[in-house]
Structure formats: structure tokens, C-alpha cells
**Q** 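Following this message is one structure expressed as C-alpha cells.
Just so it is clear: chains get the letters A, B, ... in the order the sequence lines come, proteins before strands, and each one is counted from 1. Atom set for the values below is all heavy atoms of this structure, side chains included, hydrogens, waters and symmetry mates excluded.
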Protein chains: 2
Amino acid sequence: MAISSKRERTRSRLGECALALFEERGFEATSVAQIARAAGVTEMTFFRHFGAKEQAVLTDPFDPVIAEVVSARPRDEEPLARAVRGLRSALSGLSEADLVMVRRRVRLVARTPALRAAAVTQNEVTSAAIAERLAAGGADPFTARVAAQTVLAAVTTALYAWAEDPHWTLIESIGAALDVLDQGHD
Amino acid sequence: MAISSKRERTRSRLGECALALFEERGFEATSVAQIARAAGVTEMTFFRHFGAKEQAVLTDPFDPVIAEVVSARPRDEEPLARAVRGLRSALSGLSEADLVMVRRRVRLVARTPALRAAAVTQNEVTSAAIAERLAAGGADPFTARVAAQTVLAAVTTALYAWAEDPHWTLIESIGAALDVLDQGHD
DNA sequence: TCATGAATGTTATGGACTAACATTACGTTC
DNA sequence: GAACGTAATGTTAGTCCATAACATTCATGA
């Protein structure tokens, strides 16, 4: 028997239909009514699963992992180094299939202004979590906030560049971005 | 006779009413119909002046100045130093009255998720301009992009912190944020 | 004065969301 | 496996943001 409940199944069905339609005819040109119909469900149901149209794309298990992993690093490393190494180890855990899906979503976000705007809200949660951990490790609160926001900005830029350029690895792109922050530190 | 045309006057009237109402009862709780009515004008007119509700707050002469000033620095300085010094000289040109208005707007943005999200769109234009200038100065395009996004993330964080904390100067806050990026470089 | 174009008003429409209430489907207990 | 309670979904109605097409007022110079 399936592990997934009915709720989980319709949710993922909605997510898949949304992604496919967005890729096919664009985010703005696709109405949630169309998505709902494609998933064999009502408009209302869509909003019960994803609070807003953008959430159908932006809901991924990616951001929480970052915060988790950064805070798992030894506390005596400096903030930037912790972020870099934390991300490196986190990304090595993704499968090929995962990467394909992540790339599809990130590319869509990278190409859609409304999605990029909505993504910052996700980002802020991650950023706050990272900053909190850094501050708990003894960093000045303001410094922690800036460091967290800065690292995420670099990672986001790397993600968008990677999604558009097929001959780069995710880890390569992110590594290169973080190297820009890190220049002069070694 | 007034220097400002009728168009400019209704525009600024709309902007002032919007800011006041947003501060009074919140951004989401204020409809553009209310703003329009307060300004003695139609809802339609609002949208002709500001393409969207958020633009009533986010339209300021701030972002363009940043890009302008960063690119005005001598090309042989390194990217980060150019950004820091460029901003420093740009901000010193603001009057007390300007600072009060900037603070009101930034505080509203800092407190309103929807406005923070919409602000990134503004940000991207500035970021692209900065990156272009950095790349024209010989920097690798990807590096330029990351540097631009990173600096703006730091500045934005500083802006939000400054708007909420009355005993800090704008330039102090931004300086402190950029110092976080700069640590280890000197 | 009147003619021209800019600024604004009117009306109609569509799409994103919310609220309140009705209904169906699912799983659990007996 | 039948009844019951609840989770999941449907229905309806409405608000607000935003756009389009067309009409109207207002300012300004010939």
C-alpha cells in the first residue's frame, strides 16, 4: 500500500501539473483554474494545498536543509567557512533525479520575475535561521544577519546561473560564488 | 507659476496619501481605492501613475543613484572598495529632510513582507547595472554578478536595521554591513 | 476661440485570493 | 461490514488588484 495519503497525492499532482503548465506557457499566462482542472480538482483545493500560486513552484525541501547544515558545523569555524562547507556537504547528498527537478524549478524561478520576488520570502526564513545559529555561536547579531543574507544572495545568484548553464555543476557554481565572498581570506 | 506639472502633483499627492495610509493601517489593509479617494482621484488614475500598489512606496530616486555612483569610481579599485566608497559619497549628499522620508519608507518596507518581495525587482535593476560596470572594468561576468548581488544584500540588510534603530546613522549602518564583507581584506 | 493633446473618468472584465457552508471520501471502531 | 467521525474536497459569493477600451475634462498655444 502507498505510504502517501490522499492529501499528499493530490498535492504532488497539483505541483507537477503546475510546473508543467508553467514551463509550457509561462507562469503569468497560466491560471490556477487551469492547473486545478489539469489535476482534476477545484480551484479552491489548489489554494488549500498551496497558499498562493507561486508556492506551487517554491515549495521545496531545499531551504530548510541549508539552515540545518550550516548550524551543524563546528562552532569555532568562522561564519563564512561554516556556510561554504555546510552547503558543500548538503549538496553532495542530492541524487541525479533530484538535481534534474531542482534545475527545472530553479530555471523557472530564474526566468520569472514574480517567482524571484516570491522566493525572497522563503529566503528570509532560511536567512533568519542561519543568522540565529551564527549569533548563538558568539557572532554579533547584526554581523550575523549581514553574513547570512550575504551568503544566501551569493548562493541564489549561483543557483540562477547554474540553472541556465548546462555545463556547470551545482556545487561548482555555488563554490565559485562563495569564493567571491571568500577572496582574500586565505 | 509652479515648476511641477499637474501630473507630477497628483502623483506626489497619491504617493503621500499611500504612505500615510500604509503607516496608519498597514499595507495589506489599505486598498488602492482608499488611496485614490484620499487623493481625490480615481482608482484608475492610481494605476496610471504607479503600475502596482507596491510602487507607491518603492518608487524612489535611491537605487539609480547607487549604480551611478559605484560606476563613477576609478576603475582600478577593487569591486568591493568601489561599492563602499561610492555609497559613502552618495549618502553624504542627502539632506536631513530626505533622510526622514527615506526612513519612513524603508521602515514600512522592512515591516511588510509584500513590499520586501517587491523591492527585489527594483534591486535587480540596480544589481545588473553595477555588475555591468564591474564587468566593463575587467571583472569576470559571474564574479561581477555575485559581487553586485552580495553588496546589495548587505546594503539592504543595513537599511532595514537602520530604519528600525533610531540611534544609528545610515552611513554607519551601511558601513558596518560592508565591513562584514570586507573583513580580512586589509 | 478653438483645436489639440495630456490627464483623468467610466465601464467592463479577468484573475488571485478568502470566507462560510455543504458534501463527499476515508479510516476506525464495534 | 455497517455506522460514525473526521479529513478532504466542492460550491457559492464576494473583495481586491490590475488591464483594456472608450469617453470626458482640462490646459495650452495658434
**Q** Between B/Thr10 (side chain only) and B/Arg7 (backbone N and O only), is there a donor and an acceptor less than 3.5 Å apart?
**A**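 Confirmed, B/Thr10 side chain pairs with B/Arg7 backbone.
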**Q** Does B/Glu54 have any salt bridge (Lys or Arg N to Asp or Glu O under 4.0 Å) partners at least two apart in sequence or in another chain, and if so, which?
**A**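 For B/Glu54, no residue satisfies salt bridge (Lys or Arg N to Asp or Glu O under 4.0 Å) once neighbours in sequence are set aside.
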**Q** With sequence neighbours excluded, tell me which residues meet salt bridge (Lys or Arg N to Asp or Glu O under 4.0 Å) with A/Arg13.
**A** none
**Q** Output one letter per nucleotide in nucleotides 25-30 of chain D: B when a protein non-hydrogen atom lies under 4.0 Å from the base, S when only the sugar-phosphate is that close, - when neither is.
**A** ------
**Q** Nearest whole angstrom, please: distance from the C1' of C/dA6 to the CD of B/Glu8.
**A**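 Whole-Å distance recorded here is 13 Å.
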**Q** What string of B, S and - do you get for nucleotides 9-21 of chain C, 5' to 3', if B is base contact, S is sugar-phosphate-only contact and - is no contact with any protein heavy atom under 4.0 Å?
**A** BB-----SBBB--
**Q** Under the rule for ring pair (Phe, Tyr, Trp, His ring centres under 6.0 Å), what residues qualify as partners of B/Tyr160, not counting sequence neighbours?
**A**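 B/Tyr160 satisfies ring pair (Phe, Tyr, Trp, His ring centres under 6.0 Å) with no residue once adjacent residues are dropped.
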**Q** In residues 163-177 of chain B, what donor-acceptor pairs under 3.5 Å come from side-chain atoms, sequence neighbours left out?
**A**
from, atom 1, to, atom 2, distance (Å)
B/Glu164, OE1, B/Arg111, NE, 3.4
B/Glu164, OE1, B/Arg111, NH2, 3.0
B/Glu164, OE2, B/Arg111, NE, 3.0
B/Asp165, OD1, B/His167, N, 3.2
B/Asp165, OD1, B/His167, ND1, 2.8
B/Glu172, OE1, B/Thr169, N, 3.1
B/Ser173, OG, B/Ala158, O, 2.9

**Q** Which pairs count as salt bridge (charged side-chain N to carboxylate O under 4.0 Å, His left out) when at least one residue sits in residues 19-32 of chain A, sequence neighbours excluded?
**A**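 Applying salt bridge (charged side-chain N to carboxylate O under 4.0 Å, His left out) to every pair that reaches into residues 19-32 of chain A, excluding sequence neighbours, yields A/Glu23-A/Arg104.
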**Q** Does OP1 or OP2 of C/dA7 have a side-chain N or O of B/His49 closer than 4.0 Å?
**A**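 No, B/His49 has no side-chain N/O under 4.0 Å of OP1/OP2 on C/dA7.
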**Q** Mind checking salt bridge (Lys or Arg N to Asp or Glu O under 4.0 Å) for B/Arg11 and listing every partner two or more places apart, or none if nothing turns up?
**A**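 Partners of B/Arg11 by the salt bridge (Lys or Arg N to Asp or Glu O under 4.0 Å) criterion come out as none, since no residue qualifies.
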**Q** Check whether any side-chain N or O of B/Thr10 sits under 4.0 Å from OP1 or OP2 of C/dA7, and answer yes or no.
**A**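 For C/dA7, OP1/OP2 do not have a side-chain N/O of B/Thr10 under 4.0 Å.
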**Q** Would you tabulate the side-chain donor-acceptor contacts of residues 33-45 of chain B under 3.5 Å, counting partners in other chains and residues two or more places apart, or write 'none'?
**A**
from, atom 1, to, atom 2, distance (Å)
B/Gln34, OE1, B/Ser31, N, 3.0

**Q** Rounding to a whole Å, what distance do you find between B/Gln55:CD and D/dC17:C1'?
**A** 14 Å
**Q** Please give, in whole Å, the distance from D/dT9 C1' to A/Ile35 CD1?
**A** 18 Å
